[in-house]
Amino acid sequence: MLCVATPSNVSALHDNVLSALGTAVVSGTYAAGEVITLEGVSAQHGVSRSVVREAIRVLESMGMVASRRRVGITIQPAANWNVFDPRLIRWRLDSGDRAAQLVSLSELRRGFEPVAAALAAERANPHQCRIMAAAVSDMAVHGRDGDLAAYLQADKIFHQTLLEASGNEMFRALNAVVSEILAGRTHHGMMPDSPNPAAIALHDEVARAVRLRDPAGAERAMRAIIDEAAAAVAEESGSD
């Protein structure tokens, strides 16, 4: 019986091949300078060349490969990669030294989230303040229940709203990066079974400082959130 490819099936095949290739590159399975071909990847994954071609185009846009006629597809060195791409962050957390990657990402967060929190304290509207307060409340409830998936969702909403409330489009564009960082801790077992109440209290402190128009307080509490998360990751990785 002939299997007819549907748009959803094609999309799933594309995503699977893209993820497999991306993970192979970041893990070093494909080394920098190595050349692969459409035919080889197609045969390896049992998909059409058109599916592989679309995946390669995405990787090329991320700086991970370079496609040249009569040469093939050349794996690019890590220095060429778009390290801010959320997909690349996810693959690196899936493949390499997760603790080292999360430390690097924590250093990135220190560079913009405390500033975003200070700006939010100057610019947030009442609706954004309510969303942040509700997110903290949800974090407290789900933290007590040990529902890490629901806790993660509330945590994502909190940080997304904070970045939006900063009123800075550059900070807002980093929301997907922060979401992948938060998800990476949860999905790779680097979150405690019961989230730290002190971390939740710090989120509440940020929300309150934003609501009270206290930029210095918001910035200080946000920096403490990032420091707490980095210390927790170091502790979890050290206990493995």
Side-chain angles (χ1 to χ4, degrees), residues 2-113 156 163 169-190 230 233 237 240:
L2 180 64
C3 180
V4 178
T6 65
S8 60
N9 287 339
V10 171
S11 178
L13 286 173
H14 165 76
D15 291 344
N16 290 341
V17 172
L18 175 61
S19 180
L21 289 174
T23 301
V25 173
V26 301
S27 68
T29 301
Y30 291 144
E34 185 174 346
V35 177
I36 59 177
T37 64
L38 289 177
E39 293 80 4
V41 176
S42 175
Q44 180 182 0
H45 294 279
V47 297
S48 68
R49 289 179 59 183
S50 63
V51 170
V52 177
R53 188 178 292 109
E54 287 303 313
I56 293 299
R57 284 174 180 164
V58 174
L59 294 176
E60 196 164 16
S61 73
M62 297 168 66
M64 299 179 72
V65 303
S67 184
R68 297 289 183 272
R69 204 177 280 276
R70 298 190 183 88
V71 174
I73 301 150
T74 306
I75 308 303
Q76 297 298 292
N80 292 4
W81 302 350
N82 176 12
V83 294
F84 290 100
D85 192 298
R87 292 165 297 196
L88 179 53
I89 291 172
R90 189 182 316 133
W91 297 332
R92 295 179 82 175
L93 290 175
D94 286 345
S95 305
D97 186 341
R98 296 185 190 108
Q101 176 69 1
L102 285 168
V103 167
S104 176
L105 291 166
S106 293
E107 292 171 351
L108 170 67
R109 291 181 70 189
R110 286 192 187 99
F112 70 90
E113 274 201 282
K156 285 182 176 180
L163 293 175
E169 62 183 6
M170 298 295 184
F171 290 158
R172 185 170 61 247
L174 290 168
N175 171 59
V177 171
V178 175
S179 290
E180 285 298 334
I181 297 170
L182 299 175
R185 281 191 66 194
T186 299
H187 295 160
H188 293 293
M190 304 185 89
V233 166
S237 60
D240 289 345

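Basis for what follows: all heavy atoms, side chains included, without hydrogens, waters or symmetry-related copies. Since the structure is predicted, the reported quantities are computational estimates derived from the model, not experimental observations.
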Using 0.5 Å steps for rounding, measure from the [atom1] atom of [X] to the [atom2] atom of [Y].
{"X": "Ile73", "Y": "Leu38", "atom1": "CD1", "atom2": "CG", "value": "4.0 Å"}
{"X": "Gln44", "Y": "Ile36", "atom1": "CD", "atom2": "CD1", "value": "8.5 Å"}
{"X": "Leu108", "Y": "Glu113", "atom1": "CG", "atom2": "CD", "value": "8.5 Å"}
{"X": "Ile75", "Y": "Asn80", "atom1": "CD1", "atom2": "CG", "value": "12.0 Å"}
{"X": "Arg90", "Y": "Asp85", "atom1": "CZ", "atom2": "CG", "value": "8.5 Å"}
{"X": "Glu180", "Y": "Lys156", "atom1": "CD", "atom2": "NZ", "value": "6.5 Å"}

If you compare all heavy atoms of [X] against all heavy atoms of [Y], which two are closest, and at what distance to 0.1 Å?
{"X": "Ala230", "Y": "Ser106", "value": "CB-OG, 4.0 Å"}
{"X": "Ser95", "Y": "Thr23", "value": "OG-CG2, 3.0 Å"}
{"X": "Leu163", "Y": "Asn175", "value": "CD1-CA, 3.7 Å"}
{"X": "Val17", "Y": "Val41", "value": "CG1-CG1, 4.5 Å"}
{"X": "Ser48", "Y": "Ser42", "value": "C-OG, 3.8 Å"}
{"X": "Gln76", "Y": "Gly63", "value": "CB-O, 3.3 Å"}

Could you go through Asn82 and Met64, starting from their C-alpha distance and side-chain angles, then the distance that decides it, and tell me whether this counts as side-chain contact (heavy atoms from CB on, under 4.5 Å)?
CA-CA 8 Å; Asn82 176 12; Met64 299 179 72; over 6 Å; no
Does the side chain of [X] reach to within under 4.5 Å of the side chain of [Y], using non-hydrogen atoms?
{"X": "Val83", "Y": "Arg92", "value": "yes"}
{"X": "His187", "Y": "Leu93", "value": "no"}
{"X": "His45", "Y": "Val51", "value": "no"}
{"X": "Trp81", "Y": "Val26", "value": "yes"}

Report the C-alpha separation of Val58 and Arg87 in whole Å, then their side-chain angles, then the decisive distance to 0.1 Å, and conclude whether the side-chain contact (heavy atoms from CB on, under 4.5 Å) test is met.
CA-CA 10 Å; Val58 174; Arg87 292 165 297 196; 3.5 Å; yes
Would a distance-only check, ignoring hydrogens and angles, find a side-chain to backbone donor-acceptor pair under 3.5 Å from [X] to [Y]?
{"X": "Trp91", "Y": "Leu21", "value": "no"}
{"X": "Thr74", "Y": "Val35", "value": "no"}
{"X": "Ser19", "Y": "Asn16", "value": "no"}

Output yes when Arg57 and Glu60 qualify as a salt bridge under the 4.0 Å nitrogen-oxygen rule, no when they do not.
no
